[in-house]
Amino acid sequence: MYRKTRGPKWWLLDMLLVAIVAALLAEGRTNLSLGGHEVAEIAIVLAGFVAVGVWLNGSAPALYQEQRRMHGCAGDAPAARVTVYRKPGAPKE
């Protein structure tokens with residue numbers, strides 16, 4: 001059976017960025033105290049970091065596959081075995 005690998009969902013990351021910017025803009029229009037604005041901004045930024053971290057965790061396999069495809073990795077082929085011959089009596093390194 002042919003299995004298609006799914007790529008990372010870049011649209012979701014774009015939507016997260018739009019949501020963070022929109023939340024920061026909306027927060028600026030609220031009637032909060034100076035301390036309240038700081039707390040709200042910190043909470044929005046932290047929520048954004050958490051959301052991007054969750055996206056990265058969920059997209060890690062797809063990002064790995066995309067990187068391998070782009071850089072032409074050989075895959076999981078075993079490495080060639082190399083035998084080193086030394087002259088008799090030569091010091092070992």
Side-chain angles (χ1 to χ4, degrees):
M1 180 190 309
Y2 179 74
R3 185 174 170 189
K4 182 181 176 187
T5 55
R6 295 182 181 183
K9 295 181 172 117
W10 293 107
W11 64 269
L12 185 57
L13 190 61
D14 294 337
M15 289 291 111
L16 286 172
L17 179 64
V18 169
I20 291 168
V21 170
L24 287 171
L25 290 174
E27 184 275 330
R29 294 178 174 250
T30 60
N31 294 329
L32 295 175
S33 65
L34 186 60
H37 278 294
E38 286 184 17
V39 169
E41 289 169 357
I42 291 171
I44 291 170
V45 170
L46 286 177
F49 274 112
V50 169
V52 170
V54 169
W55 179 86
L56 278 172
N57 192 28
S59 297
L63 289 169
Y64 176 72
Q65 290 297 328
E66 185 173 296
Q67 180 182 15
R68 288 178 51 145
R69 236 185 355 262
M70 290 177 70
H71 295 292
C73 294
D76 296 330
R81 187 173 186 163
V82 177
T83 304
V84 178
Y85 294 99
R86 294 188 181 92
K87 292 181 182 179
K92 293 183 179 179
E93 296 177 0

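This is a predicted model, so every value here is computed, not measured. All values below were derived from every heavy atom in this structure, side-chain atoms included, with hydrogens, water molecules and symmetry-related copies excluded. Here, residue 1 is the first one in the sequence, and each next residue gets the next number.
Linking ILVMFWY residues whenever their side-chain heavy atoms come closer than 4.5 Å, directly or via other members, places L63 and L13 in the same cluster.
For N57 against P61, the heavy-atom pair with the smallest separation is O-CD, 4.3 Å. Between A23 and I44, the shortest heavy-atom distance links the atoms O-CD1, 3.6 Å. Contact detail for L16 and V52: the closest heavy-atom pair is CD1-N, 4.3 Å.
In this structure, the side chain of S59 does not engage the main chain of L56 through any donor-acceptor pair within 3.5 Å.
From H37, atom NE2 reaches atom CD of E27 across 5.5 Å, with rounding to the nearest 0.5 Å. In this structure, CE on M70 lies 8.5 Å from CD on Q67, to the nearest 0.5 angstrom.
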Would R69 and E66 count as a side-chain contact (heavy atoms from CB on, under 4.5 Å) here? Give the steps. CA-CA 5 Å; R69 236 185 355 262; E66 185 173 296; 3.8 Å; yes
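Side-chain atoms of W55 and P8, non-hydrogen and from C-beta on, do get closer than 4.5 Å to each other. A heavy-atom distance below 4.5 Å is found between the side chains of L24 and I20.
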